[in-house]
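Chain identifiers are assigned alphabetically (A, B, ...) following the order of the sequence lines, protein sequences preceding nucleic acid strands; residue numbering begins at 1 within each chain.
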Amino acid sequence: MKVLHYKFRRQILRINVAETSWDLDRFIDFIEANPVLGFDTESTGLDWWNSDRGFRIRLAQFGNGVESWVLPVEVNAQFKAAAIWALRKAERLIAHNGTFDQHVSERTLGVTLEELAPKMLDTKIFAHLVDPRGVKEFGPGAKLEELVKYYIDPVAASEVKGSMASIAKRYKVKKAEIWPLVETWDEEYLLYAGTDPIWAYRLLHVLMPKVPARSRASGLIGWEHRLAHVTALMERTGYLVDAEYAAMRIAELKAEEEQWVGVASQWVENINSDKQLIEAFHRLGFKLTKKTKKGNLSVDSEVLDSIDHPLSEAVKKATKAAKWRKTWFEAAINGMDSQGRVHASMNTLGARTARYSISGAIAAQTFPAKDGYVRHSFIAEEGHVTVSIDFGNMELRVMASASNDPVMLEAFHADEDLHNITAIAAFGPMEPGQKKHSKRAAGKGTNFAIGFGGTWRAVTDGFGVPEEDAKRAVEAFWCTYLGVAKFAEKLKGDARRTGYIYTATDRRLPVDRRRLYSALNYYIQSTARDITARAILHLHAAGFTPWMRLPVHDEIVFSFPRERAAELTEKAARIMEFTFKGLLIPADGEIGDRSWGSVLDLEDSKH
DNA sequence: GGAAGTACGTA
DNA sequence: CGTACGTACTTCCC
């Protein structure tokens, strides 16, 4: 047995590293004496779905607040058996982003998500309930290193968590490449690995009492853990890729890119270099004036659109073709497992409002929305069809019912068009015989912009509405929807006094006092997220999880058996829809063909 | 090699 | 005084 020590604020953390099977007696004693354990794994990478082609677990670590054990499970089958035993023996496992370690444990040790999830306490969830702000927003952040720095000790955070960077330097490789390369018995590696479960254990005990009483009383802790489990099950299932379709698009986009790069090469060497483009356009006699945030000359799409020259067209087309190919089609192909499936990485509390973020091979939240071009790459199972069920007007309905605004509620109850109503309030009645107000766009822009916490400027910039119309519509909004105005003021007042607002689910969200206008948006966005989260949990309880593929904000994508699609879609939509403070948030399904893209190609698609 | 800055895709 | 994200690229800096 190797024993390492880490000195920490006059305390000494003890890290036991099992070297031979004889050491396991002491390990077993430790596990039996500690029913609540910090837990972590080290592996060869993040691609747990490739466990049949190269992905391996290397170490399994268990600890309490002062002592841990590192089992180098990659070198000894008995260590592996001991890790499996410990996972099953533990009453509680505390891990940071425990979903990842659950995937690793399932794939490499055979201990399933279903076994692990009920005993998991995830410090990432606790951290978000306490303070969801990132480091850039002057909050604690969400990574283990950031949290240790904020809540435990800055020196320990940088020393221990910086060690992987230092090891990478020693091995002369990039930080991202060190994980499979570092020697099993490298002491710096073992120290890094061994302290992780100790930090997780300590963090939980620091964070637990900081979870707001209201959030705890509402059961948010258990709720978020159950949600993370269902999400993990979706990650495990993955999404089937139509590799042939993706390959076809890749070839097409490559050819297009080459053609336009050829055109542009008369003027610039690198179409991605803003510097070269600015020079080239100046040589050609165009005066650029638009500035970026930092005050440099901008060459974004708006600037390029304003320049009537073959170079600007070539740059736009070439960059777009390259970006689409790499970001979506190649990501899907490169991310496929041996069964032709991709596994999204879903962060159930990605945003400070608790919205999901989805990253990796299927960055679903960034797919172009106007048609099925990208989404055709993802297909339902053999004999299945893709179904998309989304909530109708969720955020505006949340705004109406949370604020109990009589005018807005009446519009929704009578199934009237809210954007028209805002337009009428600002510009007078519609012309007889018309279904849409001639200034409906201004009404629509205003309704959304206010929900974002914006002003008239947001309406002009974001929705292309003339300045005068935007100003008038925004003024009319606040005079018409007095309930919303009152609610927004109430939230601002809460934020001003306490620094926080509470959402409908009793989630506490910090609001920057210099940006009180964002309070309304935080409430709406976060409450809407929780309505989708509620739907996911209810669908799980009703047995829909094997068919669920992805949540995309106010939409859930399914793969349903073709012959049962109509019945299951209806059932799922009824489970999803929810009456929030007296107002129904309706859910509507669209049944496509096999690919996700086919849903968007439907004639009467809302998409 | 990694951080910062820029741009652009989404709800 | 327009919210929340992820990805890919170049340039800057150590």
Side-chain angles (χ1 to χ4, degrees), chain A residues 132-134 136-137 142 162 165 168-169 172-178 268-278 290-304 315-316 318-320 322-328 330-331 344-347 349-370 373-375 390-391 393-396 399 445-446 448-463 470 474 492 509 511-512 514-526 528-529 532 550-555 607:
Chain A
R133 293 172 303 162
K136 278 187 186 149
E137 299 153 318
K169 216 167 206 173
K172 296 189 167 59
V173 296
K174 291 182 210 168
K175 200 180 159 191
E177 292 167 354
I178 190 62
V268 290
E269 191 204 322
N270 183 345
I271 54 156
N272 287 317
S273 165
D274 293 350
K275 212 171 142 190
Q276 290 182 24
L277 289 174
I278 290 164
K290 188 179 172 183
K291 298 277 179 72
T292 66
K293 245 187 192 164
K294 294 283 166 186
N296 302 319
L297 284 177
S298 165
V299 271
D300 63 9
S301 61
E302 194 195 41
V303 173
L304 291 174
V315 167
K316 274 188 288 183
T319 47
K320 188 173 171 180
K323 190 176 174 177
W324 285 39
R325 169 170 62 83
K326 288 172 195 163
T327 311
W328 297 309
E330 289 185 348
S345 182
M346 304 182 198
N347 185 350
L349 295 161
R352 71 181 279 173
T353 55
R355 264 192 175 182
Y356 274 54
S357 68
I358 303 183
S359 57
I362 175 161
Q365 293 170 332
T366 70
F367 289 172
K370 79 176 198 330
Y373 185 71
V374 172
R375 286 167 164 86
D390 68 350
F391 289 103
N393 270 320
M394 174 139 70
E395 298 205 343
L396 285 175
M399 190 197 285
T446 300
F448 282 122
I450 302 271
F452 285 156
T455 60
W456 64 268
R457 195 173 285 284
V459 185
T460 43
D461 293 350
F463 298 85
V474 168
K492 278 190 196 173
L509 299 177
V511 180
D512 186 339
R514 288 161 304 181
R515 298 165 74 227
L516 292 174
Y517 58 86
S518 55
L520 177 67
N521 175 258
Y522 286 0
Y523 182 97
I524 294 170
Q525 195 183 108
S526 191
R529 176 275 191 188
T532 305
L550 294 166
V552 190
H553 298 313
D554 60 353
E555 171 192 4
H607 286 97

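Scored by the side chain to side chain contact (heavy atoms under 4.5 Å, CB included) test, A:K290 finds A:S298, A:D300, A:E302, A:V303 as partners (sequence neighbours excluded). Applying the salt bridge (charged side-chain N to carboxylate O under 4.0 Å, His left out) rule to A:R375 yields no partners; only residues at least two apart in sequence or on another chain are considered.
Between A:N272 and A:T319, the closest heavy-atom pair is OD1-CG2, 3.4 Å.
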Give the C-alpha distance, both sets of side-chain angles, the deciding distance and a yes or no for side-chain contact (heavy atoms from CB on, under 4.5 Å) between A:L297 and A:K291.
CA-CA 5 Å; A:L297 284 177; A:K291 298 277 179 72; 4.1 Å; yes
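Within 4.0 Å of A:A351, counting heavy atoms only, lie sugar-phosphate atoms of the nucleic acid but no base atom. At a threshold of 4.0 angstrom between heavy atoms, the contacts of A:V374 with the nucleic acid are absent. Using a 4.0 Å heavy-atom cutoff across all strands shown, A:G360 reaches sugar-phosphate atoms only and no base atom.
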Please enumerate all protein N or O atoms sitting under 3.5 Å from an N or O of nucleotides 1-4 of chain B, with distances to 0.1 Å.
| from | atom 1 | to | atom 2 | distance (Å) |
| --- | --- | --- | --- | --- |
| B:dG2 | OP1 | A:K175 | N | 3.1 |

Output a table of nitrogen or oxygen pairs between the protein and nucleotides 11-14 of chain C separated by less than 3.5 Å.
| from | atom 1 | to | atom 2 | distance (Å) |
| --- | --- | --- | --- | --- |
| C:dT11 | OP1 | A:S273 | OG | 2.8 |

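The backbone N or O of A:V268 sits nowhere less than 3.5 Å from a side-chain atom of A:Q276 that would complete a donor-acceptor pair. Remark: the backbone N or O of A:Y522 is not paired with any side-chain donor or acceptor of A:Q525 at under 3.5 angstrom. The backbone N or O of A:R133 lies less than 3.5 Å from no partner atom in the side chain of A:R352, so there is not a single donor-acceptor pair. Judged purely by atom type and a 3.5 angstrom limit, A:T366 uses its side chain to pair as donor or acceptor with the backbone of A:A363. Of the possible polar contacts, one joining the A:Q365 side chain to the A:Y356 backbone as a donor-acceptor pair under 3.5 Å is found.
For the pair A:L516 CG and C:dT3 P, the computed distance is 13 Å after rounding to whole Å. One can place CZ of A:R133 at 16 Å from P of C:dT3, the figure rounded to the nearest angstrom. Distance, A:I362 CD1 to B:dT10 P: 15 Å, rounded to whole Å. To the nearest angstrom, P of B:dG9 lies 16 Å from CD of A:Q365. A:L304 has its CG atom 7 Å from the P atom of B:dC8, to the nearest Å. Rounded to whole angstrom, the span from the CH2 atom of A:W328 across to the P atom of B:dG9 amounts to 7 Å. Look at CZ on A:R457: it is 10 Å from P on C:dC1, rounded to the nearest Å. Nucleotide B:dT6 holds its P atom 12 Å from the NZ atom of A:K290, rounded to whole Å.
Using the six-membered ring where Trp is involved, A:W324 and A:Y373 have ring planes that are tilted, between 30° and 60° apart.
You'll find that the side chain of A:S301 is closest to B:dC8, out of C:dG2, C:dA4, B:dC8. Nearest nucleotide to the A:A369 side chain, out of C:dA4, C:dT3, B:dA11: B:dA11. For A:D300, whose side chain is taken as the heavy atoms from C-beta onward, the closest listed nucleotide among B:dA7, C:dC5, B:dA11 is B:dA7. Among the nucleotides B:dA11, C:dT7, C:dC5, the one closest to any side-chain atom of A:R352 is C:dC5.
OP1 or OP2 of C:dC1 has not a single side-chain nitrogen or oxygen of A:S518 nearer than 4.0 Å. Not one side-chain nitrogen or oxygen of A:T353 sits closer than 4.0 Å to the OP1 or OP2 atom of C:dA4. Remark: A:T327 is not in phosphate contact with B:dC8, judged by side-chain N or O atoms under 4.0 Å from OP1 or OP2. An OP1 or OP2 oxygen of C:dT3 is reached within less than 4.0 angstrom by a side-chain nitrogen or oxygen of A:R515. For the OP1/OP2 pair of C:dC9 and a distance below 4.0 Å, the side-chain nitrogens and oxygens of A:K326 include at least one atom meeting the criterion. One finds a side-chain N or O of A:Y522 lying less than 4.0 angstrom from the OP1 or OP2 phosphate oxygen of C:dA4. At least one side-chain nitrogen or oxygen of A:Y517 sits closer than 4.0 Å to the OP1 or OP2 atom of C:dT3. Remark: A:R355 is not in phosphate contact with C:dG6, judged by side-chain N or O atoms under 4.0 Å from OP1 or OP2.
Two residues are said to be in side-chain contact when any heavy atoms from C-beta on lie closer than 4.5 Å; A:I362 and A:F367 meet this criterion.
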Would you list the atom pairs, donor with acceptor, under 3.5 Å between side chains in residues 450-459 of chain A and any protein atom, with sequence neighbours excluded?
| from | atom 1 | to | atom 2 | distance (Å) |
| --- | --- | --- | --- | --- |
| A:T455 | OG1 | A:R457 | N | 3.4 |

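For DNA chain C, runs of at least 3 consecutive pairs of the Watson-Crick or G-U wobble type, with both hydrogen-bonding distances under 3.5 angstrom, map to B:1-11 with C:3-13.
Mapped onto DNA chain C by nearest heavy atom, A:F463 and A:N272 fall at different nucleotides, with A:F463 at the one closer to the 5' end.
In this structure, A:I358 CD1 and A:N347 CG are separated by 10.0 Å, a value rounded to the nearest 0.5 Å.
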